[in-house]
Amino acid sequence: MSELHHLLTFPKRPINEKSYVVPLTEFLKAGIPATYTLEQIIAFEKSNSNNNTNEKEESDEKEKNEEIENDDDNNSNTTPLHILARSLPKDLTSEETDIVLKLMNVLFEYGAGWNFLDYENKTVGDLLLLNGQSKDGPLYQRLVEAGVGAELLLRKIDDNNIQFLDDYDIEKEEGHCLVDHAEEIANDNTSDNSNENTDNDATAGDQMTYLNTELEYTKDSLVTKNNRDGVMMEWEDQIMKLAADTLFSSPALEANNDAIVLNIGFGMGIIDTYIQTKAPKLHYICEAHPDVLAKMRKDGWYDKPNVVILEGRWQDTLNRLLDQGDVFFDGIYYDTFSEHYQDMLDLYDVIVGLIKPEGIFSFFNGLGADREICYDVYKKIVEIDVATYGMKCEFTTVDITKILPNWQNVKRSYYNCNYYYHPCISFI
Ligand SMILES: C[S@@+](CC[C@H](N)C(=O)[O-])C[C@H]1O[C@@H](n2cnc3c(N)ncnc32)[C@H](O)[C@@H]1O
């Protein structure tokens, strides 16, 4: 362990400016990177000890190093911020908390990352919470702020086509939060859109690959036929019920049967079934996948008098509705598959043109739900993004510990938090 890392284990109390902020700043000013990881130190020491075989006295250190080296995938990045969060005393005074906040500020100022995973596969956020910090507390909130800043900056860089690193490298190296209904991105972008090669990992990450992939309805899910990627699962039933209620909560609605609502993404039709129980005047459903459309036809959705089916991707069908200029919605719900947050940014442009002034927009919020800190960062990002359209997003937190599945029959879990932030978006 380097002196910098050792300092952040808080070897002495109280934690004050002189003993901590001053030396940390000096280390960083001297050129030690704020992202200097334990793994890099181990690699360095290993190469040194190979050259100098008689220096083997630090056995404690070796044990720790072995733990880190034995990390499953060896991809961990145990940064100084991890050490700080892991070593945080549980009985911090408020003066000491202020100093720790200063230490975090200094580390971020010198380029510390907010979302690396350490040798135990934990984020700094996980460690702060484990050490008694609350989500509303200044330390966790500082981390969220850093995440929001970094994600917005990354977006600006992408927008301007400035490429410091290959996009894929950024995602791999920083454990970049994946913000889709499914949590993992495709291994690579080599899909050729043919049926033969489509049913692989890319189904969740690439829309055209997904739309060419055969689907299968099981008793309680909709999955990609060959690789069993969960497109939709029945455990979300209560979330869909809540969402359907939200769609009918526009203050301008006098009765449900006046309502004109739109659902984007049919899947298992769970939310659409709840919407139908409210007997809206018009119920639009936008769906792109041929297998899902076939199921909708078979189950009689095309024959329902108040249902209008928009066949195709929302990117095409909703823009046509916008051009038409004569349909406006009291409620819009969005829940697709294999799309990215960039798609949601594009969707906001369409939504503001299609929703009535007092209408409500909501979506399945799996944004960053693979990690608590990512989920909190994306909660903030949504608020910031919709605010640019003069809208506000109010979240209701729902405990979902009892309804989360065991993920046994699908390839991977796409939701790893035991609570759900249900969004309700409306004009201010
Ligand atoms: C997670 S499921 C929706 C589940 C639905 N909320 C329910 O209650 O069952 C996602 C659906 O979105 C559809 N989809 C994916 N991308 C789409 C797009 N660009 N436009 C329209 N539908 C899309 C998928 O085919 C799939 O049927």
Side-chain angles (χ1 to χ4, degrees), residues 179-183 198-199 202-225 229-247 261-278 283-299 301 307-321 331-351 354 361-367 369 403 405 410 413-415 420 422-423:
V179 287
D180 295 313
H181 195 89
E183 69 167 30
T198 52
D199 211 357
T203 48
D206 178 72
Q207 174 98 144
M208 290 311 146
T209 304
Y210 163 68
L211 292 176
N212 281 301
T213 297
E214 212 179 322
L215 303 182
E216 183 182 309
Y217 283 91
T218 71
K219 183 172 66 55
D220 54 9
S221 66
L222 169 63
V223 294
T224 54
K225 191 161 184 181
D229 226 343
V231 176
M232 180 63 185
M233 295 172 75
E234 204 171 69
W235 72 268
E236 292 179 36
D237 183 279
Q238 285 312 298
I239 292 174
M240 293 302 139
K241 183 171 188 309
L242 181 63
D245 291 343
T246 298
L247 293 191
V261 295
L262 162 67
N263 174 41
I264 306 166
F266 180 82
M268 295 170 71
I270 300 177
I271 191 167
D272 293 294
T273 304
Y274 282 120
I275 291 174
Q276 276 296 298
T277 63
K278 294 174 183 287
H283 173 185
Y284 283 70
I285 305 172
C286 172
E287 173 55 50
H289 199 293
D291 294 357
V292 179
L293 288 165
K295 168 85 170 150
M296 291 168 73
R297 194 177 292 281
K298 186 167 152 258
D299 291 351
W301 286 90
V307 169
V308 181
I309 294 170
L310 305 171
E311 293 186 354
R313 299 179 72 221
W314 63 263
Q315 289 85 341
D316 302 320
T317 56
L318 297 191
N319 275 315
R320 279 200 290 276
L321 268 195
I332 300 180
Y333 192 66
Y334 169 79
D335 179 14
T336 63
F337 183 75
S338 73
E339 295 202 319
H340 304 270
Y341 190 63
Q342 181 56 47
D343 296 294
M344 273 192 71
L345 287 174
D346 296 339
L347 180 73
Y348 296 148
D349 284 340
V350 182
I351 294 299
L354 285 178
F361 170 56
S362 186
F363 61 90
F364 175 79
N365 185 12
L367 297 172
I403 61 172
V410 289
S413 72
Y414 55 78
Y415 198 101
Y420 177 76
H422 170 63

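Read the numbers this way: they start at 1 and go in the same order the structure lists the ligands and their atoms.
- Glu216 pairs by the side-chain hydrogen bond (donor to acceptor under 3.5 Å, both in side chains) definition with Arg228, not counting sequence neighbours.
- At a 3.5 angstrom cut-off on N or O pairs, Val231 does not count as close to ligand 1.
- Using a 4.5 Å cut-off on side-chain heavy atoms (C-beta onward), Glu236 and Asp335 make contact.
- Applying the side-chain contact (heavy atoms from CB on, under 4.5 Å) test to Thr246 and every residue at least two apart in sequence or in another chain returns Ser249, Ile360, Ser362, His422, Cys424.
- Across all their heavy atoms, Ala243 and Ile271 have their closest contact at CB-CD1, 3.7 Å.
- Of all atoms in ligand 1, numbered sequentially from 1 with element shown, those under 4.0 Å from a heavy atom of Val292 are 27 (O).
- Ligand 1 has no nitrogen or oxygen under 3.5 angstrom from a nitrogen or oxygen of Asp272.
- Near Gly265, with a cut-off below 4.0 Å to any heavy atom, the atoms of ligand 1 are 3 (C), 5 (C), 6 (N), 11 (C), 12 (O), 13 (C).
- Counting atoms of ligand 1 from 1 in the listed order, those under 4.0 Å from a heavy atom of Ile271 are 6 (N), 7 (C), 8 (O).
- Counting heavy atoms under 4.0 Å from ligand 1, residue Ile270 touches it through both backbone and side chain.
- Close approach to Gly267 involves these atoms of ligand 1, each under 4.0 Å from a residue heavy atom: 2 (S), 3 (C), 4 (C), 9 (O), 11 (C), 26 (C), 27 (O).
- In terms of heavy atoms, Asn365 sits closest to Tyr420 at N-OH, 2.9 Å.
- Any N or O atom pair closer than 3.5 Å counts here, and Phe266 shares at least one such pair with ligand 1.
- The distance from the CG atom of Leu247 to the CG atom of Asn263 is 7.5 Å, given to the nearest 0.5 Å.
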Could you please spell out the steps behind the side chain to side chain contact (heavy atoms under 4.5 Å, CB included) verdict for Met232 and Met240?
-> CA-CA 11 Å; Met232 180 63 185; Met240 293 302 139; 3.9 Å; yes

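- Checked against a 3.5 angstrom limit, the closest N/O atoms of Trp314 and ligand 1 fall inside it.
- When Arg313, Glu236, Gln315, Met232 are ranked by how near their heavy atoms come to atom 4 (C) of ligand 1, first place goes to Met232.
- The side-chain heavy atoms of Thr273 and Trp301, taken from C-beta on, include a pair separated by under 4.5 Å.
- Applying the ring pair (Phe, Tyr, Trp, His ring centres under 6.0 Å) test between Phe337 and each of Tyr414, Tyr210, Phe364, Phe266 identifies Tyr210 as the sole match.
- At a 4.0 Å heavy-atom cut-off, ligand 1 touches Met268 through backbone and side chain alike.
- When only interatomic distances are considered, the shortest N/O to N/O separation between Tyr210 and ligand 1 falls below 3.5 Å.
- Considering backbone and side-chain N/O of Gln207, one or more are found under 3.5 Å from N/O of ligand 1.
- Of the polar atoms of Leu222, none of the N or O atoms is found under 3.5 Å from an N or O of ligand 1, judged by distance alone.
- At least one heavy atom of Gly312 lies less than 4.0 angstrom from ligand 1.
- Using a 4.5 Å heavy-atom cutoff, the side chains of Ile285 and Ile275 are not in contact.
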